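Counting convention: from 1, in listed order, for ligands and their atoms alike. On a predicted model such as this, the values are computed, not experimentally measured, just so you know. For this chain, numbers begin at 1 and follow the sequence in order.
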Amino acid sequence: MAASDVTRLVEAARRAREHAVAPFSHFKVGAALETADGTIVTGCNVENATYGLTVCAERVAMFKALSDGHRAFVRIAIVADTEAPTPPCGACRQILWEFGGDVEVHLANLVAHKGAHRLAALLPLPFDARLL
Ligand code: THU
């Protein structure tokens, strides 16, 4: 994986973050998901007045990708405007695992790449369809 590929993905997540609908938390998050064929699908968090129906940037990106017909994924970048990186929440880890498998998870803020993880390391002992 060339560093420029990750840079490009992080840049896409930064741009997607600008579309965040976060009037309640004011915490804007952007995500960019790279498919196996190199397509980049982005997402941002979308909040609403019930609060509880909020969807994170990562799940928006994954659901957009699935609805466009993508089924294989390589990596995702997640961007927030914080010094400490923003890792995916538990619900997003589950969805990313079920549909993306052991993808690379790149965390960044507006100015720097802050770390990379394998999803399997972020979600040990996962529940998925193999156990049904
Ligand atoms: N959020 C995300 O979109 N992704 C994350 O990884 C963490 C949290 C959103 C949900 C909510 O709109 C706001 O950030 C504050 O939790």
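- Residue T86 approaches ligand 1 through these ligand atoms, each under 4.0 Å from one of its heavy atoms: 5 (C), 6 (O), 7 (C).
- Residue contact check: P87 has heavy atoms under 4.0 Å from atoms 6 (O) of ligand 1.
- Electrostatic pairing of R8 and E11 does not count as a salt bridge here, judged by no charged N lying under 4.0 Å from a carboxylate O.
- When H26, E47, R59 are ranked by how near their heavy atoms come to atom 12 (O) of ligand 1, first place goes to E47.
- With a 4.5 Å cut-off on side-chain heavy atoms, H106 and R75 count as touching.
- No donor-acceptor pair closer than 3.5 Å links the side chain of Q94 to the backbone N or O of C89.
- Among protein heavy atoms, atom 14 (O) of ligand 1 sits closest to F27 CD2, 3.3 Å.
- One side chain, S25 or E47, offers a donor N or O that lies under 3.5 Å from an acceptor on the other.
- Residue A20 places no heavy atom under 4.0 Å from ligand 1.
- For the ring-ring contact (aromatic ring centres under 6.0 Å, His included) condition, the pairs that include at least one residue of residues 30-83, sequence neighbours left out, are F24-Y51.
- Under the rule for a side-chain hydrogen bond (donor to acceptor under 3.5 Å, both in side chains), D102 has no partner lying at least two apart in sequence or in another chain.
- The shortest contact between atom 3 (O) of ligand 1 and any protein heavy atom is with A57 N, 2.9 Å.
- Between I78 and ligand 1, no pair of N/O atoms sits closer than 3.5 Å.
- Checked by atom type and distance alone, the side chain of K28 never pairs as donor or acceptor with a backbone atom of D81 at under 3.5 Å.
- Of the candidates V29, N109, L110, T86, V79 forms a side-chain contact (heavy atoms from CB on, under 4.5 Å) with just one, namely L110.
- Contact check for I95 versus E58: no side-chain heavy atoms found under the 4.5 Å cut-off.
- At least one heavy atom of P88 sits closer than 4.0 Å to an atom of ligand 1.
- Near N45, meaning under 4.0 Å from any of its heavy atoms, are these atoms of ligand 1: 3 (O), 9 (C), 11 (C), 12 (O), 13 (C), 14 (O).
- Checking atom 16 (O) of ligand 1 against the protein gives no heavy-atom contact under 4.0 Å.
- An N or O contact shorter than 3.5 Å links E58 to ligand 1 by distance.
- For ligand 1, the polar-atom distance check against C56 finds no nitrogen or oxygen pair separated by under 3.5 Å.
- Residue-ligand proximity, S25 to ligand 1, at heavy-atom distances under 4.0 Å covers atoms 13 (C), 15 (C).
- Of all the heavy atoms of A22, none lies under 4.0 Å from any atom of ligand 1, so neither backbone nor side chain is involved.
- The shortest N/O to N/O separation between T54 and ligand 1 does not fall below 3.5 Å.
- With P88 as reference, V105 is the one residue of L123, I76, V105 to meet the side-chain contact (heavy atoms from CB on, under 4.5 Å) rule.
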